[in-house]
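Everything on this sheet refers to the single structure shown next.
Just the heavy atoms: all of them, side chains too, but no hydrogens, waters or symmetry mates, feed the values below. Indexing begins at 1, ligand by ligand and atom by atom, following the structure's order.
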Amino acid sequence: MSDRYCVFGNPVGHSKSPAIHAAFAAQCRQDLSYEAILAPLDGFAESMRAFAAAGGCGANVTVPFKEQACRLATRLAARAELAGAVNTLVFNGPDILGDNTDGAGLLRDLSTNLTCRIAGQRVLLLGAGGAARGVVGPLLDARPAALVIANRTAGRARELAQRFAGPAPLLGCAYPEVAGLSFDLVINATSASLTGELPPLPGGVFASGSLAYDMMYGQGPTPFLVFAGSHGAACLADGLGMLVEQAAEAFHVWRGVRPETAPVLAMLRAALAR
Ligand code: NDP
């Protein structure tokens, strides 16, 4: 029988992870299956334990369960512990390893696929949920001039900034507080796009030449990317590249081999355009 993997989320119907991991498995000649599992909002722990008990080898975790997955893991990789969020689980009997590949995936998409320089740039991160938590450490490691985290619930942004406090200029705040500031890179790590909404962002935050990046992806531009394009952002990118890159990192954690991402990203991009 093939080794079983899955992604837990709610919603999860839109997930491209099953197609990505099927393509990685074929490319790397790995015998595995990968499915999407809709976990009840109050039943993630039960879903996860049932999957592991049925022989599941590992899982991805998406919105809104990443912080819960972090609490349920019996041990954490250093990057997941720092983030306080888990998007990758490895099951080994009673041992549940929690890891976080979101930051590595975002950084690889920004730097390799989009050739975006982060060092010395002013970066605005929108959101303070599981996805945002995973990318703060790797973004700071890339040495931006400043990193500001804005969130609807300002206290969560402040708590996140405190968690990563160090030598780099780092601020957590509410949306109105970024009015009057401008940024070279604005990353939407909120789940607002999932429901067709827009974070309450002041329009003037996009510096000339700036890149607006939405972690969400879909057939057309998200409300955030439409807003960014009409408020001065020079480049717009969705999160499809991050999705493929974080998946490749998870595949490496599970299988010890690193798949090539470019053909899989091209395949997904072509499918979205159809
Ligand atoms: P969480 O549920 O953990 O966090 C959601 C965040 O979005 C919170 O900060 C929340 O603010 C904010 N938010 C939700 N709705 C709104 C709104 N209408 N206006 C402003 N802020 C809002 O989700 P995740 O962090 O796990 O995921 C966030 C998004 O990132 C999802 O769309 C997910 O699909 C995407 N993602 C994409 C990845 C990729 O590889 N491309 C990887 C990881 C995530 P508050 O704290 O106030 O509730």
Side-chain angles (χ1 to χ4, degrees), residues 7-21 36 38-39 41 44 60-71 79-80 83-88 98-110 113-114 124-136 138-139 148-161 172-176 178 186-202 205 213-218 222-225 227 237-251 261 264-265 268-269 272:
V7 55
F8 292 107
N10 189 328
V12 79
H14 68 286
S15 177
K16 308 265 180 255
S17 294
I20 294 171
H21 284 284
L38 178 72
L41 288 174
F44 168 66
N60 285 131
V61 181
T62 186
V63 59
F65 300 124
K66 289 180 182 182
E67 289 164 75
Q68 216 180 318
C70 189
R71 294 192 290 274
R79 57 190 175 179
V86 156
N87 80 333
T88 301
D99 200 345
N100 193 313
T101 67
D102 279 338
L106 174 69
L107 267 288
R108 198 170 302 215
D109 191 35
L110 286 172
N113 301 336
L114 300 168
L124 174 60
L125 179 65
L126 312 178
R133 301 179 79 89
V135 303
V136 172
L139 279 172
V148 175
I149 306 167
N151 194 42
R152 187 174 58 179
T153 309
R156 292 183 82 195
R158 294 199 186 98
E159 182 270 323
L160 190 52
C173 64
Y175 284 100
V178 298
V186 182
I187 301 167
N188 182 17
T190 75
S191 53
S193 295
L194 273 178
T195 47
E197 291 174 279
L198 183 67
L201 185 63
V205 296
Y213 188 101
D214 197 334
M215 288 192 187
M216 184 65 188
Y217 49 86
T222 64
F224 167 73
L225 292 181
F227 179 81
D238 69 13
L240 199 65
M242 173 181 175
L243 181 77
V244 174
E245 298 296 348
Q246 63 76 31
E249 185 79 9
F251 195 90
T261 52
V264 179
L265 181 52
L268 290 182
R269 193 62 78 193
L272 269 186

Which of the ligand 1 atoms, numbered from 1, are nearer than 4.0 Å to a heavy atom of A128: 9 (O)

Nearest-0.5 Å distance that lies between atom CG in L243 and atom CG in L265: 9.0 Å

Atom 41 (N) of ligand 1 [closest protein heavy-atom partner, distance rounded to 0.1 Å]: M215 O, 2.8 Å

Side-chain heavy-atom pair S193, P223 within 4.5 angstrom cut-off: yes

For atom 46 (O) of ligand 1, the protein heavy atom that lies nearest, with its residue and separation: R156 NH1, 2.7 Å

side-chain contact (heavy atoms from CB on, under 4.5 Å) partner of L107, the single match among L139, D102, V135: L139

Closest protein heavy atom to atom 29 (C) of ligand 1, given as residue, atom name and distance to 0.1 Å: T190 O, 3.3 Å

May I have the list of side-chain donor-acceptor pairs in residues 152-159 shorter than 3.5 Å, sequence neighbours left out?
| residue | atom | partner | partner atom | Å |
| --- | --- | --- | --- | --- |
| R156 | NH2 | E67 | OE2 | 3.0 |
| R158 | NH2 | E177 | OE2 | 3.1 |
| E159 | OE1 | R133 | NH1 | 3.3 |

Atoms in ligand 1 flagged as close to Q246, the criterion being non-hydrogen separation under 4.0 Å: 40 (O)

Any T88 side-chain heavy atom under 4.5 Å of E249 side chain: no

Side chain, backbone, both or neither: the part of A189 lying under 4.0 Å from ligand 1 by heavy atom: backbone

Minimum-distance protein heavy atom relative to atom 4 (O) of ligand 1: G129 CA, 3.4 Å

Subset of ligand 1 atoms that lie under 4.0 Å from at least one heavy atom of G127: 9 (O)

Non-neighbouring partners of F227 that pass ring pair (Phe, Tyr, Trp, His ring centres under 6.0 Å), sequence neighbours left out: H231

Contact check, side chains of V136 and L125, non-hydrogen atoms, under 4.5 Å: yes

Side chain, backbone, both or neither: D102 near ligand 1, heavy atoms under 4.0 Å: side chain

Part of L194 within contact of ligand 1 (heavy atoms, under 4.0 Å): side chain

Atom indices of ligand 1 within 4.0 angstrom of T153 heavy atoms, with elements: 45 (P), 46 (O), 47 (O)

Ligand 1 contact on R152 by region, counting heavy-atom pairs under 4.0 Å: both

Flag side-chain contact, heavy atom, 4.5 Å: I20 against F251: no

Taking atom 7 (O) of ligand 1 as the reference point, the nearest protein heavy atom with its distance: S191 N, 3.0 Å

Heavy-atom proximity to atom 43 (C) of ligand 1, best of M216, K66, R133, E245: K66

Reported CG-to-CE distance for the pair N188 and M216, which is rounded to 0.5 angstrom: 10.5 Å

Test item: L268 and Y217 side chains (from C-beta on) under 4.5 Å apart, heavy atoms: no

For ligand 1, the portion of N151 having any non-hydrogen atom under 4.0 Å away: side chain

Derivation and outcome, side-chain contact (heavy atoms from CB on, under 4.5 Å), residues H21 and V7: CA-CA 10 Å; H21 284 284; V7 55; over 6 Å; no

Contact check: G239 vs ligand 1, nitrogen or oxygen atoms, below 3.5 angstrom: yes

Region of E197 engaging ligand 1 - heavy atom pairs below 4.0 Å: side chain

Q246 and N60: side chain donor to acceptor below 3.5 Å: no

ring-ring contact (aromatic ring centres under 6.0 Å, His included) between F44 and F65, intermediate numbers included: CA-CA 7 Å; F44 168 66; F65 300 124; 4.9 Å; yes

Nearest neighbour in protein (non-hydrogen) for atom 23 (O) of ligand 1: V63 CG2, 3.3 Å

Nearest non-hydrogen protein atom, atom 3 (O) of ligand 1: G130 N, 2.9 Å

Which residue and heavy atom of the protein sit nearest atom 26 (O) of ligand 1, plus the separation: A131 N, 3.7 Å

Residue-ligand contact S193/ligand 1, heavy atom below 4.0 Å: no

Region of M242 that comes within reach of ligand 1 [heavy atoms, distance under 4.0 Å]: both

